Protein chains: 2
Amino acid sequence: MLEFAILGLLLESPLHGYELRKRLTGVLGPFRAISYGSLYPALRDLQARGLIAETSPKPMPTVTTKRARIVYEVTPAGTERFTSFVANPGPEAWEDERFAAHLAFFASTPTEMRVRILEGRRARLQERMAMLRESFRHTSERLDPYATQLQEHGIDRVESEVRWLEELIAAERSH
Amino acid sequence: MLEFAILGLLLESPLHGYELRKRLTGVLGPFRAISYGSLYPALRDLQARGLIAETSPKPMPTVTTKRARIVYEVTPAGTERFTSFVANPGPEAWEDERFAAHLAFFASTPTEMRVRILEGRRARLQERMAMLRESFRHTSERLDPYATQLQEHGIDRVESEVRWLEELIAAERSH
DNA sequence: TTCGTCATGTAATGGGTTACATGATTAC
DNA sequence: GTAATCATGTAACCCATTACATGACGAA
C-alpha cells in the first residue's frame, strides 16, 4: 500500500522522507496522513530490497549543510515493481485502500487496465451492496430505528460510489 | 470498539461467541465482519476484567450435549462500563469507527447525548472538509485529473454525510 | 460417509500508530 | 534566545487479520 504510494511519488521526482510525507498527505487526503513511524521504516525496507536508493552526491557541501536529508530515488528494480503493480492489479485491488492507491496513479496506468480496475471495483461494490441489502432484510424488522438508519446510510454510500464509478468508466470509454 | 459492541449486544441478551459474531455482522455490516481470531480473545479479555461472565448452569446435560458452548452475560461492572461509554463520548467519539459504534447503540443513549454526538460528528466532518478543500487548493493545479477526481469524490462523500447528519439532528430535535 | 455448519480456540503476522528522542535551521 | 518547523529515527503497542487446529452434529 504505502510501498506503492512511495514508489509512485518517487518516480515523479526524488524526494526525502519529510517532503515525501507531505506529498503523501496531499494524495491520500490530509486526515489519514502517514506517520513517520511508518514512513521511515518503509523507506529503509524499500532500500534494503533494492527498490529505491539514496541519491548520493550532495551537490554543494559549502555553507548550507542543514540536517543531512536523505533523498531517495527509484531504482530500475523499483520501477519494474511499480509498473507491475499498475499493470496487474491483484485480487486485493478492489479493496478500499488498494483501489485508492491504484486510482491515485491512474495517470501512469494504461487505458484498458484503468477500465478493468474501475469495473472490478464496481463489481465488488455491487456484490457488497447485495450483501448489505440481504442482511438488512433479515435484521431490519427487529432493529431499532438508529441501527436501521446506519445501515441505510451505508447502502446509500455504496450506491453513490457506484454512480461515481459509472461516470469514470463512461469518461474512460469515450477517450 | 469491539469491546463496546460486545457489551451492547450482550446487554440485549446473553449469547455465545458464534452467535455473537453473527449479530455483530448484522450491526456492523456484513463486509467488515469480525473474525473469530479477534472475537474470542476479546471475550476472554472482557471476562478476565470482570465485565462479562459465563452463565454457568447448563440447564439439561441430558442427551443433547453438543459442543460445549460458552454463553456470556454482562456483569454489573460491565453494565456500568457500557453506560459510561454511551454517557460520555470521549474525544475519539467523532472518529469513524467510534461514531459508528455509538450510533449502533443510540437506542440506549439519552436524547441530549444523541444530539451532542451527532453535532460533534458534524463539526469533525466540517473540519475535515476544510482540510480537504485546503489541500485540494494547493495541489489541484499540478495533480493529474484522476488524482483530482479522487479528491473531489472524497469531498463529495463528506458533504453527503454532513447532510445525512443534519437530517438526523433535525429528526432528533423534533422528538 | 462425507459435506456443511456449528463452535471454540491459538500462533504468527500485518500494517500501521503513539510516544519518545534527537538535533539542526529559520524567523521573530 | 526561544519558538516553530524541518528532518530523521526507535520502541512499544494496538487492533485486528489469516491460517491453522480441533471437534461435534445434522442432513444428503
Side-chain angles (χ1 to χ4, degrees), chain A residues 1-7 10 14-26 28-49 52 54-55 58 60-72 90-92 95-101, chain B residues 1-7 10 14-49 52 54-55 58 60-72 90-92 95-98 100-101:
Chain A
M1 227 75 319
L2 186 50
E3 177 183 331
F4 294 113
I6 291 173
L7 288 176
L10 287 187
L15 295 169
H16 60 278
Y18 193 85
E19 178 63 23
L20 187 55
R21 195 212 133 158
K22 288 201 293 187
R23 305 276 179 110
L24 278 168
T25 305
L28 304 173
F31 46 91
R32 59 185 318 176
I34 290 296
S35 67
Y36 296 117
S38 313
L39 180 58
Y40 287 113
L43 285 173
R44 262 181 302 119
D45 181 58
L46 284 171
Q47 190 182 12
R49 288 158 62 203
I52 62 176
E54 297 179 25
T55 66
K58 308 269 174 44
M60 295 279 117
T62 46
V63 184
T64 53
T65 338
K66 279 205 163 197
R67 164 101 191 230
R69 42 191 215 177
I70 305 170
V71 177
Y72 293 97
E92 320 97 335
E95 306 300 327
D96 294 327
E97 312 213 348
R98 285 267 179 178
F99 174 70
Chain B
M1 228 74 320
L2 186 50
E3 177 183 331
F4 293 114
I6 291 172
L7 289 176
L10 288 187
L15 294 170
H16 60 279
Y18 194 84
E19 177 64 23
L20 186 55
R21 197 212 134 162
K22 289 200 295 187
R23 305 277 179 109
L24 278 169
T25 304
V27 170
L28 304 174
F31 48 90
R32 59 186 316 176
I34 290 297
S35 67
Y36 297 118
S38 313
L39 180 59
Y40 287 113
L43 284 173
R44 261 181 301 120
D45 182 59
L46 284 170
Q47 189 182 12
R49 289 156 62 202
I52 63 176
E54 297 178 25
T55 66
K58 308 269 172 46
M60 295 280 116
T62 45
V63 184
T64 54
T65 339
K66 279 206 163 198
R67 165 100 189 228
R69 42 191 217 179
I70 305 170
V71 177
Y72 294 98
E92 320 97 334
E95 306 301 326
D96 294 326
E97 312 214 346
R98 284 268 178 179

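These values consider heavy atoms only, across backbone and side chains, with no hydrogens, waters or symmetry-generated copies. To find a chain, count down the sequence lines: A is the first, B the second, and so on, and within it residues start at 1. This structure is a prediction, so every number in the text was calculated from the model and none was measured.
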Output, in order, the C-alpha distance, side-chain angles, deciding distance and verdict of side-chain contact (heavy atoms from CB on, under 4.5 Å) for A:Tyr72 and A:His16.
-> CA-CA 6 Å; A:Tyr72 293 97; A:His16 60 278; 5.8 Å; no

Give, for atom [atom1] of [X] and atom [atom2] of [Y], the distance between the pair rounded to the nearest 0.5 Å.
| X | Y | atom1 | atom2 | answer |
| --- | --- | --- | --- | --- |
| A:Ile34 | A:Ile6 | CD1 | CD1 | 8.0 Å |
| A:Arg44 | A:Tyr40 | CZ | OH | 11.0 Å |
| B:Glu95 | B:Met1 | CD | CE | 10.0 Å |

Taking atom [atom2] of [N] as reference, at what distance in whole Å does atom [atom1] of [X] sit?
| X | N | atom1 | atom2 | result |
| --- | --- | --- | --- | --- |
| B:Arg21 | D:dA16 | CZ | P | 14 Å |
| A:Glu95 | D:dA16 | CD | P | 18 Å |
| B:Tyr40 | C:dT8 | OH | P | 4 Å |
| A:Leu20 | D:dG9 | CG | C1' | 15 Å |
| A:Arg23 | D:dC6 | CZ | P | 14 Å |
| B:Leu43 | C:dG9 | CG | C1' | 11 Å |
| B:Tyr18 | D:dC25 | OH | P | 16 Å |
| B:Leu28 | D:dA16 | CG | C1' | 13 Å |

All N/O contacts under 3.5 Å from nucleotides 15-17 of chain C to the protein, with atom names and distances to one decimal?
| from | atom 1 | to | atom 2 | distance (Å) |
| --- | --- | --- | --- | --- |
| C:dT17 | OP1 | A:Ala33 | O | 3.4 |
| C:dT17 | OP2 | A:Ser35 | N | 3.3 |
| C:dT17 | OP2 | A:Ser35 | OG | 2.6 |
| C:dT17 | OP2 | A:Ser38 | OG | 2.3 |

Out of A:Ile70, A:Ile52, A:Leu2, which residue meets the side-chain contact (heavy atoms from CB on, under 4.5 Å) rule with A:Leu43?
->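 Of the listed residues A:Ile70, A:Ile52, A:Leu2, the side-chain contact (heavy atoms from CB on, under 4.5 Å) partner of A:Leu43 is A:Ile52.
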
Nearest heavy-atom pair of B:Gly17 and B:Leu39: which atoms, and what distance?
->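 For B:Gly17 and B:Leu39, the tightest heavy-atom pair comes out as O-CD2, 3.3 Å.
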
Do the side-chain N or O atoms of B:Arg44 get closer than 4.0 angstrom to the phosphate oxygens (OP1, OP2) of C:dT10?
->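 Checking B:Arg44 against C:dT10: at least one side-chain N or O falls below 4.0 Å of OP1 or OP2.
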
Can you tell which of [options] lies closest to the side chain of [X]?
| X | options | value |
| --- | --- | --- |
| A:Lys22 | D:dC6, C:dG9, D:dG9 | D:dC6 |
| B:His16 | C:dT10, C:dA7, D:dT8 | C:dA7 |
| B:Tyr72 | C:dG9, C:dT10, D:dA7 | C:dG9 |

Test B:Leu15 against B:Leu10 for side-chain contact (heavy atoms from CB on, under 4.5 Å), laying out the working first.
-> CA-CA 6 Å; B:Leu15 294 170; B:Leu10 288 187; 3.8 Å; yes

